[in-house]
Structure formats: structure tokens, C-alpha cells
**Q** 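My structure is below; once you've seen it, I'll send some questions.
All chains are named by letter (A, B, ...) in the order of the sequence lines, taking the proteins before the strands, and each is independently numbered beginning at 1.
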Amino acid sequence: MERIDCLKALVPHIKDQLVIVTLGRTALEWAEVCPREGNMFNSGMGNHIPVALGLAKALPHRQIILLDSDGSVLMLLPALTTLGSFPAPNLKVFVFDNEAYEGTGGQPSDTARVADIAAMAKGAGVEEAMTVRDLNSFKAAARDALTKDGMTFIVAKIELSKGRPPRKDVGHKEGLLQFVRYVEKTENVTILHKEHN
Amino acid sequence: MKVTVANEVIEGLKDAGVKFASFLPDSWLRPIYSRLVEDPHFTTIPVSNEGVGVGLCCGAWLGGMKAVMLMENTGVRMACDQLARLGISVGLPCFMIIPYRGDFGDGQSYAVAHGQTMLPVLDALRIPYHIVRDENHIRQSIRRCVKTLSVTNYHVAMIMGAEVCVENL
């Protein structure tokens with residue numbers, strides 16, 4: 001199955017969730033199919049699970065969605081044990097596993113060889129970890145994840161992307177400020193410094 | 001570490017509005033960790049890798065919660081990539097409290113590397129730091145560091161010198 005079809009399948013479920021998105025083509029495709037203020041792009045490869053978990057703990061009443069990738073998860077595997085030890089019921093993790101570092105030319109990642117991210121997550125205590133391999137299974141799993149309580153961890157086995165990526169600006173500093181202002185507005189909190197003259 | 005020093009850190013964090021804490025335990029800050037876990041004021045998540053803790057604190061900040069990461073100065077080396085990406089590339093800040101292992105008078109040979117590399121690594125990451133060497137300065141230092149993080153939107157470190165971490169130095 002293709003990542004773009006999985007992302008399109010998520011769109012009908014998106015309302016006011018905060019969505020943390022990994023780097024690379026996943027970010028470009030999500031920005032294409034679901035542009036909105038509540039998207040936060042590229043917290044740095046490897047950092048997405050910790051950032052999403054910290055956000056979920058800070059806002060336990062808000063659904064937090066993480067769209068991550070195999071290369072990013074593999075970069076900071078200890079994040080899985082933290083996720084397993086301190087789960088957040090409002091956190092919904094999707095890992096799009098194309099078994100490659102697509103952005104650098106498609107070199108295989110360890111999941112193309114022997115590594116199994118869902119199995120590692122289960123071993124780390126993420127009991128809900130599962131792998132889906134076709135679009136219908138993804139749609140069913142995603143629907144369950146986004147409409148029911150409880151942390152979820154869905155690894156979607158996808159093909160390498162085809163054709164040119166969407167030309168979308170997921171600019172870092174501007175995107176961060178947009179996301180932070182959205183959280184401030186919707187949560188009635190102050191995050192950025194205020195100076196009083 | 002004296003109980004009074006641990007009290008100053010806990011109360012200083014509360015005074016500064018910090019409600020989220022992460023740590024990878026070390027021996028010098030030991031009395032603080034149990035206080036963080038047991039005090040319902042804090043949401044506390046221990047980690048097995050300091051880079052994960054830095055990410056957690058940045059995520060908590062994104063949700064409007066002031067956060068602190070406590071880690072030995074080895075953790076700065078371990079979390080280098082996370083600190084650089086999150087702070088410089090993305091713009092997410094983390095307040096760190098770090099014991100100065102390898103400071104003058106530290107009797108452990110393994111700490112030599114930690115002491116000699118800590119400040120150069122913090123400088124390379126452009127992280128401002130405030131070294132506290134008097135128990136009576138802890139609360140004010142925490143307040144100033146948290147304020148500086150807010151104004152700069154960048155990481156800040158409070159380094160606790162051997163004088164405040166070790167009894168009978």
C-alpha cells in the first residue's frame with residue numbers, strides 16, 4: 001500500500017487533534033492532504049515519539065496523533081521503553097515503514113532486513129503495537145484508534161513512494177509559531193514569552 | 001547532597017512554575033529524584049536515554065507546561081543530537097539541571113571526562129549555563145534560568161557545583 005492513501009484515510013477523522021509529523025515525504029504528503037494549524041512538522045529525526053509523548057502528557061484531554069517513520073523510530077529506540085513504561089491514553093502513533101531511507105536515495109533500513117518495529121515496541125511494553133500490510137486493514141485499525149480511548153501504535157508497511165513529492169512548504173520556524181499559537185488559542189495557555197512595556 | 005539542597009531545588013522549581021520533570025538518575029542528585037516522583041505537583045517521567053528526556057520536556061513545553069530535565073553531565077554528550085535538532089533547527093527549548101561531575105574535588109576517575117567535556121559541549125551547542133555553588137542561590141538561579149529560557153526560546157542549563165552536591169567535599 002502507499003503512504004499517501006493511508007494519510008488520505010486519516011483525513012476524515014481529523015477534527016481538532018494536534019498532529020506531530022515526521023520529516024521527509026511524509027510531511028510533504030500530509031501538508032498536501034491535510035493542511036491545518038494543528039500540524040507540527042519535523043521535530044528532528046528520532047525526536048518525534050518523545051515530543052509527542054511529552055505533549056500528550058501535558059494535554060491529557062487532547063488527542064495527539066503522531067505520524068512517524070521507520071528511520072526516525074530506529075534512531076532513538078529507547079523512546080519505545082519510555083512509551084511502554086509511561087503510556088498516554090490520548091496518544092495515537094502511526095509509523096509508516098517503507099523499510100528505507102527514502103529521502104537519501106532509498107537505502108534499506110534495518111526493517112528491510114530483520115528488525116520489526118511493532119515487535120520491539122511490544123517488547124518495550126507497548127502492548128497495543130501492531131503491524132498492518134494492506135489499506136483495508138489500515139483503515140480499520142486507524143478508525144478504531146482514532147475513535148476509541150487508549151494509546152495505539154500502528155506500524156503500516158508501505159511501498160516506496162512513486163513520482164515527485166508534493167511541493168509544499170513545511171517551513172520550520174514559521175510552522176512552529178503557527179502550531180504554538182494554535183495550542184495557545186485552543187488550550188487558553190501561554191507558551192511564548194510576553195513582554196510588557 | 002544535603003536534604004536542604006534537595007528542598008531548595010524542589011521549591012525553586014515550584015516557584016518558577018515548573019510542573020513537568022524528566023530524569024535519568026545519577027548519584028549526586030539522588031535525593032531529588034524520589035521527591036519528584038512522589039510529589040503530585042509534578043508529572044515526572046524517568047527515562048533510559050537523556051535524549052528521550054530532552055524530547056519529552058520539549059513536548060511538554062509545546063503543551064504549555066514548564067519542564068525540567070535532570071541529568072548527569074554525561075547526558076549532555078548523549079543528548080547532543082536531540083539538543084541540537086530541537087533547539088537550533090526546530091526552536092523547542094529544554095531547561096536542564098546538571099550536576100558538575102568532574103568538578104574540582106570529585107574523587108571519581110570516571111568523572112574526569114564528564115568534567116572536562118561538559119562546558120565545551122554546552123558552548124558548542126550555544127547553551128547558556130549558570131553554575132550554582134551556594135545552596136542559598138539555588139532558587140534564584142532556577143527562576144532566572146526559566147526566565148531566560150522563556151525570553152530566548154532556547155535551552156538553558158543550571159549546573160550544580162560539587163559544593164552544593166557533595167557533603168564533606
**Q** Could you pull out the closest heavy-atom pair between B:Ser48 and A:Thr81, with the gap in Å?
**A** OG-OG1, 3.2 Å
**Q** Name the option with the most non-hydrogen atom pairs under 4.5 Å to chain A; the candidates are B:Val47, B:Val151, B:Asn49.
**A**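 Among the listed options, the one with the most contacts to chain A is B:Val151.
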**Q** With a cut-off of 6.0 Å (strictly less than), are more than 12 heavy atoms of other residues, nucleotides or ligands near CZ of B:Arg77?
**A** yes
**Q** Using non-hydrogen atoms and a 4.5 Å limit, figure out which bit of A:Phe41 sits close to chain B: side chain, backbone, both or neither.
**A**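 For A:Phe41, neither part sits under 4.5 Å from chain B.
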**Q** A:Val51 pairs by side-chain contact (heavy atoms from CB on, under 4.5 Å) with which of B:Leu86, B:Leu56, B:Val54?
**A** B:Leu86
**Q** Which residue out of A:Leu18, A:Val183, A:Leu76 racks up the most heavy-atom pairs below 4.5 Å with chain B?
**A**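 That would be A:Leu76.
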**Q** For atom CZ of A:Arg167, decide whether the heavy atoms of other residues, nucleotides or ligands shown that lie under 6.0 angstrom number more than 12.
**A** no
**Q** Assess whether atom CD of A:Glu174 is packed by more than 12 heavy atoms of other residues, nucleotides or ligands within 6.0 Å.
**A**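 For A:Glu174, atom CD is not crowded (no more than 12 foreign heavy atoms under 6.0 Å).
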**Q** Please determine whether the number of non-hydrogen atoms from other residues, nucleotides or ligands lying under 6.0 Å from atom CG of A:Asn188 exceeds 12.
**A** no
**Q** Chain B heavy atoms under 4.5 Å from A:Met45: which part of the residue, side chain, backbone, both or neither?
**A** both
**Q** What's the separation between atom NZ in B:Lys147 and atom NE2 in A:His193, rounded to the nearest 0.5 Å?
**A** 6.5 Å
**Q** A:Leu55 and B:Leu62: which non-hydrogen atoms are nearest, and at how many Å?
**A**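 The pair with the smallest heavy-atom distance is CD1-C, 3.8 Å.
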**Q** Give a yes or no on this: more than 12 heavy atoms of other residues, nucleotides or ligands lie within 6.0 Å of atom NZ of A:Lys122.
**A**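 Check passes, neighbour count above 12.
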**Q** Grab the two heavy atoms, one from A:Phe86 and one from B:Ile45, that are nearest each other, plus how far apart they are.
**A** CD1-CG2, 3.6 Å
**Q** At a heavy-atom separation under 4.5 Å, does A:Leu59 approach chain B through its side chain, its backbone, both, or neither?
**A**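 For A:Leu59, side-chain heavy atoms alone lie under 4.5 Å from chain B.
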**Q** Does any heavy atom of chain B fall under 4.5 Å from the side chain of A:Thr82, the backbone, both, or neither of them?
**A**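 It is the side chain, since no backbone atom gets that close.
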**Q** For chain A, which of B:Pro46, B:Ala67, B:Ser22, B:Ala84 has the most heavy-atom pairs under 4.5 Å?
**A** B:Pro46
**Q** Cluster question for you: counting only ILVMFWY and a side-chain heavy-atom cut-off of under 4.5 Å, with indirect links fine, are A:Phe96 and A:Leu74 together?
**A**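 Per the 4.5 Å side-chain linkage, A:Phe96 and A:Leu74 are not co-clustered.
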**Q** Can you confirm whether more than 12 heavy atoms, excluding those of B:Arg133, are under 6.0 Å from its CZ atom?
**A**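 Above 12, so yes.
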**Q** A quick test of your reading: do over 12 heavy atoms of other residues, nucleotides or ligands sit less than 6.0 Å from CG of A:Asp149?
**A**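 Open.
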**Q** Within a 6.0 Å radius of atom CE on A:Met151, are there more than 12 heavy atoms belonging to other residues, nucleotides or ligands?
**A**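 More than 12 heavy atoms, drawn from other residues, nucleotides or ligands, come within 6.0 Å of this atom.
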**Q** When heavy-atom pairs shorter than 4.5 Å are enumerated against chain B, which of A:Leu176, A:Ile64, A:Ile20 gives the highest number?
**A**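 Top option by heavy-atom pairs under 4.5 Å: A:Leu176.
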**Q** Please find the pair of heavy atoms, one from A:Asn47 and one from B:Arg85, that lie closest to each other, and give the distance.
**A**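 Looking at all heavy atoms of both residues, the shortest contact is ND2-CB, 3.9 Å.
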**Q** Would you say A:Val93 and A:Val19 are hydrophobically clustered, going by side-chain heavy atoms of ILVMFWY under 4.5 Å?
**A** no
**Q** What part of B:Ser150 lies closer than 4.5 angstrom to a heavy atom of chain A: side chain, backbone, both or neither?
**A** both
**Q** With chain B, which of A:Lys194, A:Met40, A:Glu187 has the greatest number of heavy-atom pairs at distances under 4.5 Å?
**A** A:Met40
